[in-house]
Structure formats: C-alpha cells, structure tokens
Amino acid sequence: MIDWESMRYFLAVARLGTMSGAARYLQVDHATISRRLGVLEAKIQARLIERLPRACRLTPLGQRIYELAQAMEEGAYAIERLLDASRSPPSGKVTVSAPPALIASLLLKHLAAFRRSNPGIQLSICGEARQVSLSRREADVVLRMTRPEEPASVVRKLGRVSFGLYASKDYPHLHDPSAWEFIGYDAGFTGVRQRAWLTGVAEGRPIACEISDINNHLVAARAGAGVAGLPDFLAERDATLQRLSHNGEAFFQDIWMAVHRDLRHSPQIRVVMDFLLRTFADHPALTWELSSQRNPGESDLPAGT
C-alpha cells in the first residue's frame, strides 16, 4: 500500500519543481524531502523524479503518477473537510488567509474578544496577498480584494474599501500637485486595479519608488517619500498624514470572503465566518454589502447563523 504521507511530499516537489521549494511549502528541511522521495521510490521500485542541479523533473512514470496522485490528494482533503464539518461543539484550528493590511488594521484588535467567546477554536491568521488553495487546505477561509475564482469555493462580498491619496503633512510639495511624486506598486501588481488607478491619477508625474506591500506604502508616505494611494481605513486616522484632493475618479476595491463548499456548514468555520462578517459590518470606514455574491453553480454563503 502506498504511504500517503510520502505521496504528499512527492506532490509538493512535482508542483513546485524543486526540493527546496517543496521544503519551504511543507515547512520541513531539504533532507526530509529527499528521504521521503527515496522511501517512495524504493517502495514502488521505480524512479519518479530526475534530480537535476537546480530543479527536479518528473519521469514519464512520475508524470502519470502525479496525475493520479492529485485525485488521491483531493480525496484525503475531502475526508478532512467531512470530519471538520461534523464537529460539534465548534473546536479545532481554523486558518484564515488575508492581505496584511486587513489583518493589521481590522482583525487583530478583535482577536481577544473572539477567543473569549470561542475558547475551543484556535485561529491561525496568515498575512498574504497570493491566491491560496482551499481544496488543498492551504487555508480554510480566505479574504481577498479580488474575487476568488477557485471552482470549489463559495464566495461572499463583504464590503467595499474606498481609497484616497495621502501624503505626510510635512511633504514639501503638499500644496503643489504639479510637483507630486508617487509611491507606486511594483511589477507584482501588474493587472491589479489599484495599480492602474494610481497610474491614471499620476498622469505622467514621477513614480518616486515602487513597493510591494500596502503597509509599507503607509510607512513611506509617513516618511515623506511621496504621495500614496491608500485604503481610507488604513490612513484616515493617521494624524501625520493629509488626504489630498485630485481630479481623478473615486476608487473602491471590493472585499471578498471565500470558503470551500464542503466546509461552509462546519461549526468552527461557520463561527469564524460570522466573526469576519461582524468585524467588517461594524467598521465605519467600510461600505457594508447586504447582498451576497456567488460563483456560477454555487450556493451563496449565508449572511449569518
């Protein structure tokens, strides 16, 4: 019988193309990855991966097994989701993936209250803007400023974030828009609406620097590095910043929540979703959305229990 744990390591190497990448993803060392692959190949008496100097390449047999192993993986995660959904009362670990700005400004201040109300649930909050897989349990609930499109997910629009231009009150060109220099988004934001909006507002004026993380845009604006396009909930209460008027259109970004369809009725997932719904509904800087949104063919996430 094939050991699923070893197969999990094989899948990580097959997806990421390197043992070092798989080690980082699985949070183990390189030697563990190599040992697990060796055990698996010895078990089936066949080579699955060619170990090249800087990468790993699947053998023809490895490619065929990789395709079958993905279905095996989905089955294993489906069992986990079924077990999670059957738990009552709510308990266990729930992983929430969200952009760092939402975590720092909205979620962390409510964690103590959540813990007092739900002592059996351990929240694991991951600050990341990348798309993660709900099917592979990289997260149980995701918050994003672009609509999640994973086929097995059920989504709900939580609200809208308004953006504005901000600069330090000590910025030397504060009252001279023609001399403004902007804090832009790096190439990782290519195709993202807020980058296009800021580029349009700049109208050819210089981009002083490019930064990948929105929290660091705030820090750079405070330091006088230029004019930043920031979410109002992040910047409007900062006494060191001045909101600036501009001729461009107002800009908003939707906030979405998504969960795997198999988990949307799980007691502990339901508790966390309700917590997120209340957190966003109670925030004065966000426009609350009463109507839910869904992927084609999927049920809406309910507004609450």
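As the structure is a computational prediction, the values presented were derived from the model and not from experiment.
- Note: Leu143 CG to Ile103 CD1 = 8.0 Å, rounded to the nearest 0.5 Å.
- Considering CZ of Arg8 and OG of Ser6, their distance stands at 10.0 Å, rounded to 0.5 Å.
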*Give the intermediate values and the outcome of side-chain contact (heavy atoms from CB on, under 4.5 Å) for residues Gln70 and Leu11.*
CA-CA 8 Å; Gln70 290 179 89; Leu11 278 168; 4.0 Å; yes
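- The main-chain N or O of Ala239 is found under 3.5 Å from a side-chain atom of Lys169 such that the two form a donor-acceptor pair.
- Contact record, Leu234 with Ala101: CD2-CB, 4.4 Å, taken as the closest heavy-atom pair.
- Here the side chain of Arg51 pairs a donor or acceptor atom with the backbone of Ile49 at under 3.5 angstrom.
- Summarising the local packing, CG of Asp176 is surrounded by more than 12 heavy atoms from other residues, nucleotides or ligands at distances under 6.0 Å.
- Leu230 is not listed as a side-chain neighbour of Phe163, based on a closest heavy-atom distance of 4.5 Å or more.
- Atoms CD and CG, from Gln242 and Asp170 in turn, are 11.0 Å apart once rounded to the nearest 0.5 Å.
- Residues Ile183 and Ala221 come closest through the heavy atom pair CD1-N, 3.6 Å.
- By the 6.0 Å contact criterion, CZ on Arg64 is open, its count of non-hydrogen atoms from other residues, nucleotides or ligands being 12 or less.
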*Test log, rule side-chain contact (heavy atoms from CB on, under 4.5 Å), inputs Leu58 and Leu48*: CA-CA 6 Å; Leu58 292 175; Leu48 299 178; 5.7 Å; no
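- Ring centroid separation for the pair His217 and Tyr185 comes in under the 6.0 Å cut-off.
- Contact of the Met72 side chain with the Glu74 side chain is not registered, since no non-hydrogen atoms from C-beta on lie closer than 4.5 Å.
- Contact check for Ile65 versus Met7: side-chain heavy atoms found under the 4.5 Å cut-off.
- Put simply, the side chain of Arg36 never gets that close to the backbone of Ile33: no donor and acceptor are under 3.5 Å apart.
- The shortest side-chain heavy-atom distance between Val13 and Thr18 does not fall under the 4.5 Å cut-off.
- Glu50 is listed as a side-chain neighbour of Thr59, based on a closest heavy-atom distance under 4.5 Å.
- Between Met19 and Leu37, some side-chain heavy-atom pair lies under the 4.5 Å cut-off.
- Applying the under-4.5 Å side-chain rule to Ile, Leu, Val, Met, Phe, Trp and Tyr, the cluster around Val132 extends to Leu134, Val142.
- Surrounding CD of Glu5 are more than 12 heavy atoms belonging to other residues, nucleotides or ligands, all under 6.0 Å away.
- Using a 4.0 Å cut-off between charged side-chain N and carboxylate O, Asp140 and Lys93 make no salt bridge.
- For the pair Leu263 and Val141, the minimum side-chain heavy-atom distance is 4.5 Å or more.
- With hydrogens and angles ignored, the 3.5 Å screen pairs a side-chain donor or acceptor of Thr199 with a backbone N or O of Arg195.
- Taking each heavy atom of Pro231 and Ile214 in turn, the nearest pair found is CD-CG1, 3.9 Å.
- With sequence neighbours excluded, no residue forms a ring pair (Phe, Tyr, Trp, His ring centres under 6.0 Å) with His30.
- Judged as a side chain to side chain donor-acceptor pair (under 3.5 Å), and not counting sequence neighbours, the contacts of Thr240 are Asp238.
- Put simply, the side chain of Gln194 reaches to within 4.5 Å of the side chain of Gln253, judged on heavy atoms.
- Taking the charged nitrogens against the carboxylate oxygens, Arg15 and Glu73 do have a contact shorter than 4.0 Å, which makes a salt bridge.
- In terms of heavy atoms, Phe10 sits closest to Gly62 at CZ-O, 3.5 Å.
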*Is there a salt bridge (Lys or Arg N to Asp or Glu O under 4.0 Å) between Asp274 and Arg278 once you walk through the steps?*
CA-CA 6 Å; Asp274 287 345; Arg278 289 192 302 271; 5.0 Å; no
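- Of the possible polar contacts, one joining the Arg115 side chain to the Ile121 backbone as a donor-acceptor pair under 3.5 Å is found.
- Using the six-membered ring where Trp is involved, Phe114 and Phe275 have ring planes that are tilted, between 30° and 60° apart.
- Between the Glu181 side chain and the Ala208 main chain, no donor and acceptor come within less than 3.5 Å of each other.
- Within the model, atoms CZ of Arg264 and NE2 of His260 stand 10.0 Å from one another, a figure rounded to the nearest 0.5 Å.
- With hydrogens and angles disregarded, a donor-acceptor distance shorter than 3.5 Å links the side chain of Asp29 to the backbone of Thr32.
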*Audit row: Arg193, Glu249, salt bridge (Lys or Arg N to Asp or Glu O under 4.0 Å) steps and yes/no*: CA-CA 13 Å; Arg193 291 178 59 242; Glu249 295 183 358; over 6 Å; no
*Trace of the side-chain contact (heavy atoms from CB on, under 4.5 Å) decision for Tyr166 with Asp232*: CA-CA 9 Å; Tyr166 290 86; Asp232 289 322; 2.6 Å; yes
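- Within the model, atoms NE2 of His175 and CH2 of Trp180 stand 10.0 Å from one another, a figure rounded to the nearest 0.5 Å.
- Between Glu150 and Arg144, no side-chain nitrogen of the basic residue sits less than 4.0 Å from a carboxylate oxygen of the acidic one, so the salt-bridge criterion is not met.
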_side-chain contact (heavy atoms from CB on, under 4.5 Å) evaluation trace for Arg243 with Glu236_ = CA-CA 7 Å; Arg243 199 177 199 277; Glu236 65 182 359; over 6 Å; no
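- Residues Thr146 and Trp256 come closest through the heavy atom pair C-CD1, 3.7 Å.
- In this structure, Leu174 and Ser168 approach most closely via the heavy-atom pair CD1-O, 3.5 Å.
- Heavy atoms from other residues, nucleotides or ligands lying under 6.0 Å from CZ of Arg57 number 12 at most.
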